[in-house]
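Inspection log for the structure reproduced underneath, given as structure tokens.
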Amino acid sequence: MAQEPNMDLELLKQRLVEGDAAGTVALSQQALAQGVAARSILNDALIPGMGVVGELFEQNEYFVPELLLSARAMYAALDLLRPHLAAGDFMPAGSAVLGTVQGDLHDIGKKLVVIMLEGSGFQVTDLGTDVPPERFVEAVKESGCKLVGLSALLTTTMPAMERTIRAIKECDPSVKVIVGGAPVTQAYADSIGADGYGHDATAAVSLARRLLNVA
Amino acid sequence: MAPEQMFRVKHDPNFQNLRRALLRQGPPGPVPFIELFADPGMVQAVLGEDVTWNAFVRAAQGAETAPEDGGAVGRAVLDLVLRFCYEMGFDYVYAWTGLNFPRTNFRVSGDTAALGNWIGGLRIWQDETTGPIQDWADFEAYPWQRPQDISYRAVEYLSSVVPEGMKVSVVLGGIFENASWLMGLESFSYALADQPDLVAAICEKVGELTLAAAAHVVSVDNVGMVFLGDDLGYANGTLVSPAVLRKYIFPYHRRLVEIAHGAGRLALLHSCGNLASVMDEIIAAGFDGKHSFEDKIMPVEEVYRRWGDRIAVLGGLDMDLLARGSQDAIRERTRQVLEACGRRGTGYCLGSGNSAANYIPAANYLAMLDEGRRWNDEHYGAA
């Protein structure tokens, strides 16, 4: 890692954990000015910082606002780093397609999973809400990704998960499909042939890493 | 038509028994039934009458559904709600005030529920991203209702026609719910850090209007309780931190309870999500009962075991089971819950984990209530 000894990436990470977008960007700028490689800022501060945020969220010490504020700081820093990241600097931990299933317009739960996956180095295609099975299939074909995440808020929209899983598996049985949402349980996930169930955004990331064998 | 003539089944409403159970008093008695409200789709399916969403909302809010007929259509809708509550075996009829916080940040999709609810088979969803108030200019321009303009026509009408033994439960929208909906939950989240004064002002405006409505309704004859619906949580915890709730929301909850109790009325809280971390504060606010429990989060028996000696525990028949389970499974689970929470004969009321929602097949909902009546009959000789 091309990290300058006088640059405190721990402090940058801390600013991100605090949700301080201005501080995160300022310290990222300072790090770049001091010659710290953009990939080092990303891999040694931003991604680990979001890991801490995920742990705090899982432990109920962080809540939706804190997670969103840290994500805002992360995206602001990424905007700054992007022009400095050379091809090959950033090797995604994996790629994933996420969406809320057909008939369901609930967005924020899925959005938190997108944030945490991106924050842990995944490249994510967010299809939004009310996504029909065929759109998931198209996205899998287009991206070649091996992981799909499905979200649903209601008992009555959950059945769309089963239809979507069936369509994806028919297209490519090797694609892993994970599910989550307010009414979804492990038992329901098992009953519809999902490869995993995440009870929150942090659990979804752990699950994704395990299913894709990402260290 | 006189109210008693409109009912197809005989029921002896007994609000005093409900009050006894909510106050966790003895002697042990039958377990009352409780819901925050029923969707018009459920009312329609159970009664076999047409109840359109628009007519329902306008009547519930005390608006003239058809000014030229002097509110007759509105009263007809309210009569159906009363019939539903009476015939289902409730000791109260639910009613809304005209207090509302208009916004257009809704999204629409096809409804996947079992029973029709909204016009055109659509479902309306709250937009979580944004809302009508994003800054101080929006706040100033927002068409806040004046307390004196809030309609109480629905409450007053139902109060005037409830049969002997029955009272009115006034449903009030929540402080957190309305404040976060006015901004959108995402914007609200950012504003907690970026514009805390604006968040405080919105919560204050929503809170004071809600308290004004509460202060009015508790003075209406036959209003027995206020039922605040304020969803604070999701499956794993509160949406915002307990510190934020303490600062912006709970002070209004406490004052609402004081208003209700000061007038000799009961105060109940409906709030979805895992609220274990703030249950002590909900109890300390003085609410007589807490409603909305789901098996995935914490089975109602566990809630009753942990907090049932300090606050009445309400409902808790899992919504997923009610929506997708067989009637046999619903009956079995109803009996299981009653054995755990109803044996003491006080401090528990039977009902769904959320509301009589339109995504519950009517027959499943009726199975839960029927099993409750049978259990009551077996244990207390009264249905």
Is any side-chain heavy atom of A:Pro65 closer than 4.5 Å to one of B:Phe188?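 Not touching, per the 4.5 Å side-chain cut-off.
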Working to the nearest 0.5 angstrom, can you tell me the gap between B:Thr238 OG1 and A:Asn60 CG?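 Between atom OG1 of B:Thr238 and atom CG of A:Asn60 there are 6.5 Å.
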Report the distance from atom CD1 of A:Ile108 to atom CG of B:Leu239, rounding to the nearest 0.5 Å.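 It comes to 8.0 Å.
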Which region of [X], side chain (C-beta onward) or backbone (N, CA, C, O), has a non-hydrogen atom less than 4.5 Å from a non-hydrogen atom of chain B, or is it both or neither?
X        : answer
A:Leu67  : neither
A:Glu61  : neither
A:Tyr62  : neither
A:Asp107 : both
A:Asp200 : both

[X] versus [Y], closest heavy-atom pair with distance:
X        : Y        : answer
A:Leu68  : B:Tyr190 : O-CE2, 3.6 Å
B:Ser189 : A:Leu69  : O-CD1, 4.5 Å
A:Thr156 : B:Tyr359 : CG2-CB, 3.1 Å

Check: A:Glu58 main-chain N/O paired with B:Asn236 side-chain donor or acceptor under 3.5 Å: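 Here the side-chain-to-backbone pair does not exist.
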Using modelled atom types only, decide if a donor and an acceptor are shared between the side chain of B:Lys296 and the backbone of A:Thr185 within a distance under 3.5 Å.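 Side chain of B:Lys296 to backbone of A:Thr185, a donor-acceptor pair under 3.5 Å: no, none is there.
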For [X], which atoms come within 4.5 Å of any heavy atom of chain A: side chain, backbone, both, or neither?
X        : value
B:Leu192 : side chain
B:Ser277 : neither
B:Asp318 : neither
B:Tyr234 : side chain

So which of B:Met319, B:Arg324, B:Glu294 has the biggest tally of heavy-atom pairs under 4.5 Å with chain A?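 Looking at each of B:Met319, B:Arg324, B:Glu294 in turn, B:Arg324 comes out on top.
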Please walk me through it: do B:Asp194 and A:Arg72 pass side-chain contact (heavy atoms from CB on, under 4.5 Å)? CA-CA 12 Å; B:Asp194 301 340; A:Arg72 185 171 70 174; 2.8 Å; yes
Under-4.0 Å salt bridge between A:Lys111 and B:Glu186: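 Counted as a salt bridge, because a side-chain N and a carboxylate O are separated by less than 4.0 Å.
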Crowding at [atom1], [X] (>12 non-hydrogen neighbours, <6.0 Å):
X        : atom1 : answer
B:Lys247 : NZ    : no
B:Glu332 : CD    : no
A:Gln123 : CD    : no

Most chain B-contacting option - heavy-atom pairs closer than 4.5 Å, from A:Leu153, A:Thr155, A:Thr129: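 Answer, by heavy-atom pair count under 4.5 Å with chain B: A:Thr155.
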